[in-house]
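Read through the structure below, which is laid out as structure tokens, and then see the notes.
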Amino acid sequence: MIKNYLKIAWRGLIRNKGYSSINIVGLSMGLAACMLIVLYVGHELSYDKFHGNADNIYQAETEMTFGKDPIYIPYLDYSEGPKSKISVAGIEEYLRYQKISENVLVTNTETPSLKFSEDNILFADPNFFEFFSFNLTNGNKREVLINPNSMVISERIATKYFADADPIGKSLQLFGNMLFTITGVAENPPSNSSIHFDFIMPISSMLRIEKYKEDIEQGYSNFTTLFLLDELADPKMVEASLLNSIGKNSGDDLQKKYLLKPLRSLHLGEDWAKNKYIRIFPLVALLILILALVNYASLSTARSTTRSKEVGVRKVMGAPRKAIAQQFYFESALYTVISFVFGYFLCLTTQSKFFELLGVEVDKAFIYSPEMLLSLLLLLLLTIFLAAAYPAILLSSFKPIVVLQGKMSKQQGGVALRKFFTVFQFSISVVLIICALVMDRQLDFFRHADTGVDRENIVMLPFSGNLGKHFGAFQEEVSSLSEIVETTSGILPLYKGHNMMSAQSDTGDEMIFLPTLTINKDFISMMGLDWAIPPKDSIAQMGNKSAVIINQAAVARLSLKDNPIHQKINDRYEIQGVLKDFNYSSLHHKIGALSLFVKNDPSYAWLEQGGVLYAKVGPKTNIPTILDELKIIYQKYENEQPFEYYFLDDVFDSQYKAEDRLAKIFGAFTGFAILIAVMGLFGLATFTALQRRKEIGIRKVLGASVENVATLLSKDFLKLVLLAICIASPFAYWFMDKWMENFAYKAPISWWIFVLAGVGTLAVALATIGFQSIKTATTNPIKSLRTE
Amino acid sequence: MLLQLNNIFKWVTTGGQRIFLLKDINLEVEEGEFISIMGPSGSGKSTLLNVIGMLDTFDEGEYNFMDESVHSLKEKHRSNLYKQYIGFVFQSYHLLDELTVKENLEMPLIYKKIKGSERKAMVADMLDRFNIVGKKDLFPAQLSGGQQQLVGVARALISNPKLILADEPTGNLNSKQGEEIMELFKQLNREGVTIIQVTHSEKNAEYGSRIINLLDGRMV
């Protein structure tokens, strides 16, 4: 019987090519979009799950409260991990690691030409590979990191430095002249690991490196510390006993607390924007799937009039309703499976682009992992179930006597429901269009907002302490380039972070964290910052250690007098001038209090931790050329850290990466939704025209013109689309209003956005229906009126 | 006795008034009869046929089919009854366009849950009997009207019904094709199949052993 069903379904599919392809293309696109999202969300949710102990591993964090605002430091000191294991009940094991923040030059001593500047370098406790579940392709998990000179490298690094040769026993040189012997090779960490590494060396070797040794001995080291808890241990209890056992030692009056973050929460907990994606995306996926399904159901039932005779005949020939329902179920299943196969190919061919757009990397191994294949299989079953249900129920309900005598009126076969479907599809499309437009406006607003900073044509070159020693010469050489208009320097690239100092408000009852920028004297003029109260002395004079400049927000935050010149912060820093507020971080936030310290002698100031050279490039400069020149100069003074550069306006824009991604994804999905809706509408228009053939024939015989008929046919659909626009607009407004709450600075949601979305949708709908209407209207009525 | 209709009434209510489609129909049909129902358009011929075929219901009266009282049966039993004993032939053939001749014939057997090998034998037998073996892989659209109706009759016969109900079986055919179908009916009747047909044509009605005339839902 199933064979019979499939045969008929297949013949029907071949016979009605137009209808079938609309149905299949619509459904496969919807499914492809859904699959991409399933893969993405599945990947995000699978972070760190592959560790055998994943559910019992926690990362320790220190919360320090100082005045009102707590700050969180995701590290413990070198000694705190081991101490905790001994004194806190419930901690079974600990693991410390530290990722080197700067780049390190790595050399293969046998072939000195194999010399690269590397990041992803970790120092870790010897139990790293037992604690986590990273696999070693070579070496013993327990022993690889015991010897202080040992080193484990990832597979890609093994290939990079040793090609096909076995790297075990060979050495790499780091930190000047230290040699590490390779004892193990690890599989590259999977893309859903929040810990990435290329080189791992034992923590004990840090004690042989002067700059790390000092921090560790003085108790200022920062180690990411993870605890493996007893299965029965309560993390809250462990947090409390951590405070008792290791928290007491710090003598200052900071309020300190320890928090344990589950390993599995580290990835999504990091960043609100990512987290929101995880909530929005499945919703969008579901919406697109519903759209595609609605499209399918709508088209299948529209065809019911042509299928009704078949149902009648089958029933008279003895088919029970169950058999008819089954038949339509199988038919839908066939369509769905075909669409699914197309959709899967579409998904596989577009996934790399899609993930690139999202800025994530996803391993091939993950895409083809059993869990993901199982999820996709579930998606297939769900789709079959949903796609088939309505047509099967509706079509199998036809009474043979009614359909065989041709008494079935247009009102049967779910016309009202199809209207609802059309309105629903277009409402979703319009909501998406409006959202996409509003997001685009907001991003445009971000990019062109006047933030009080002149951010055009400024390139930032970060450098380390190595170069800091020769900073004067470096800056001199850069300034001498004819394309460079102006240079200045600072300790950190603007928009990429700032330091903090604690400051007491003028009333003395409150401590606040005051962001600080440390800059060279030319910074203020080069960035075009405006003075609210200019300093009395020249800026050059403000380089002395006790001088500070603040912004207007700081005046308010610290409750200072309106003219606070010569007032002191913390009884130590004398205010020399007040700058007008400018955005020193992203437009998500209102401008906060800020203090600026001016360094007159940058060569000295940037010596220790390095800094950033800001260079203003002339307006008509060839950018690649000047970058090459800058690189050559940079490399004269620095051979360990790679040459990096940022354009200030790019860095500013990149703060809205999350929004930019969201907008791009929305744009893509909007395209999807419109396409699906349009195809559905086209199909519906076709079938309506078919159903009304007789009516149109009569009208034409009675003298209706082509325009009359075309209008008649289009009018009903356009009404539905108009209704959809009315329904969608308030929803879209509400969504976007909510979204805008994320930003302190917003572009207005203007009326023209709604008009544009509405007119656009109507135009697309009209074009879709118009073709079919005119075709029907020009048909010779003799054809349609011939009795059957 | 094959079937018996006693005081059958069927009506629709329009604007508070009852319009009778069938009025006090009394009919007894013996096995082996060949009955023609005649009457002008709208006299209730097809309605009567549908009531007999259990496709349509009635509002009053009794209907006994092979000693089962149809009026008191549940929908499911009723459809089981007609599936087993009644074959339908339609004016516009109602063959399924997506199926070949062979598959159209096979369809009722599938719903009777007859095994594949047995189905094949029965279909082959029927193709043979109606001389349409050569057409078995063609689709209805590839056949002439007469051939399509031939398939329609073959399909009605394949599950060995006791009764064939034919609603103007020659209505869409030219005279020669019509004659052939009527000859076929006559032969089937001789072989023992009871036939009730609705027809407009005096000539076709003559093939039957008894003629029932209807006017405004009444037997006259």
Side-chain angles (χ1 to χ4, degrees), chain A residues 1-17 19-20 300 303-328 330-332 334-335 395-409 690 786-788, chain B residues 10 12 46-47 49-51 53-57 75-100 102-116 119 139-141 151-152 155-159 161 165 167-168 171-172:
Chain A
M1 189 145 11
I2 290 169
K3 204 177 116 204
N4 184 274
Y5 294 156
L6 287 179
K7 191 161 61 189
I8 295 177
W10 179 251
R11 284 187 194 152
L13 190 149
I14 298 296
R15 185 171 301 212
N16 307 294
K17 286 197 187 67
Y19 161 83
S20 315
S300 317
R303 226 165 67 103
S304 63
T305 27
T306 50
R307 299 295 299 271
S308 60
K309 185 189 115 182
E310 179 188 339
V311 174
V313 172
R314 282 180 184 274
K315 282 199 169 173
V316 170
M317 293 301 141
R321 177 169 184 181
K322 209 176 87 193
I324 305 274
Q326 258 174 17
Q327 182 192 340
F328 285 105
F330 273 103
E331 197 168 311
S332 297
L334 180 72
Y335 275 88
L395 288 165
S396 66
S397 73
F398 291 158
K399 293 249 176 306
I401 181 81
V402 179
V403 293
L404 286 185
Q405 293 188 339
K407 282 184 191 157
M408 197 161 87
S409 73
L690 207 68
R786 201 178 47 195
T787 42
E788 289 160 29
Chain B
K10 181 174 174 67
V12 288
S46 294
T47 310
L49 201 70
N50 287 333
V51 164
M54 299 171 216
L55 296 177
D56 216 346
T57 54
E75 167 80 34
K76 202 172 170 186
H77 284 113
R78 212 179 320 165
S79 64
N80 279 338
L81 200 61
Y82 80 69
K83 270 180 224 168
Q84 204 174 349
Y85 297 112
I86 303 178
F88 295 88
V89 177
F90 304 95
Q91 176 177 2
S92 46
Y93 333 126
H94 285 330
L95 300 178
L96 294 189
D97 300 333
E98 270 84 19
L99 300 185
T100 61
K102 192 177 73 185
E103 288 157 357
N104 263 296
L105 291 183
E106 192 183 12
M107 185 184 57
L109 303 178
I110 292 175
Y111 291 126
K112 282 196 150 180
K113 308 220 153 78
I114 292 170
K115 280 203 202 89
R119 288 204 305 259
F139 287 95
V151 177
R155 185 181 60 181
L157 274 177
I158 198 157
S159 42
L165 298 177
D167 194 351
E168 300 203 43
N172 284 9

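Each chain gets a letter, A, B and so on, in the order its sequence line appears, and its residues count up from 1. Note that the structure is predicted; figures quoted are calculated from it, not measured.
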Which atoms of [X] approach chain A - backbone, side chain, both or neither, heavy atom under 4.5 Å:
X	result
B:Thr57	neither
B:Glu103	side chain
B:Leu95	backbone

Checking A:Arg11 against B:Phe139: charged group under 6.0 Å from the ring centre and within 45 degrees of the axis?
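Not satisfied by the 6.0 Å and 45° rule.
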
Testing the basics here: between A:Arg15 and B:Asp97, what is the closest heavy-atom pair and its distance to 0.1 Å?
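Taking every non-hydrogen atom into account, NH2-O, 3.3 Å.
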
Shortest non-hydrogen contact from B:Tyr82 toward A:Val316
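For B:Tyr82 versus A:Val316, the nearest heavy atoms are CE1-O, 3.6 Å.
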
Identify which of A:Pro400, A:Ala323, A:Gly318, A:Gly312 forms the greatest number of heavy-atom pairs closer than 4.5 Å to chain B.
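Most pairs with chain B among the choices: A:Gly318.
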
For chain B, find which of A:Lys399, A:Lys7, A:Arg314, A:Arg321 contributes the most heavy-atom pairs closer than 4.5 angstrom.
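It is A:Arg314.
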
Tell me which one of B:His94, B:Lys112, B:Arg155 satisfies side-chain contact (heavy atoms from CB on, under 4.5 Å) with A:Met317.
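It is B:Arg155, the one option of B:His94, B:Lys112, B:Arg155 that forms the side-chain contact (heavy atoms from CB on, under 4.5 Å) with A:Met317.
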
Mark yes or no for whether A:Lys309, through its side chain, and B:Leu96, through its backbone, hold a donor-acceptor pair below 3.5 Å.
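Judged by distance alone, no pair lies under 3.5 Å.
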
What's the spacing between A:Leu13 CG and B:Glu98 CD if we round to 0.5 Å?
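One finds 11.0 Å between CG of A:Leu13 and CD of B:Glu98.
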
Not counting sequence neighbours, which residues clear side-chain hydrogen bond (donor to acceptor under 3.5 Å, both in side chains) with A:Ser300? List them please.
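For A:Ser300 there are no side-chain hydrogen bond (donor to acceptor under 3.5 Å, both in side chains) partners, ignoring immediate neighbours.
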
What residues, two or more places apart in sequence or in another chain, satisfy side-chain hydrogen bond (donor to acceptor under 3.5 Å, both in side chains) together with B:Tyr93?
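Result, side-chain hydrogen bond (donor to acceptor under 3.5 Å, both in side chains) vs B:Tyr93: none returned.
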
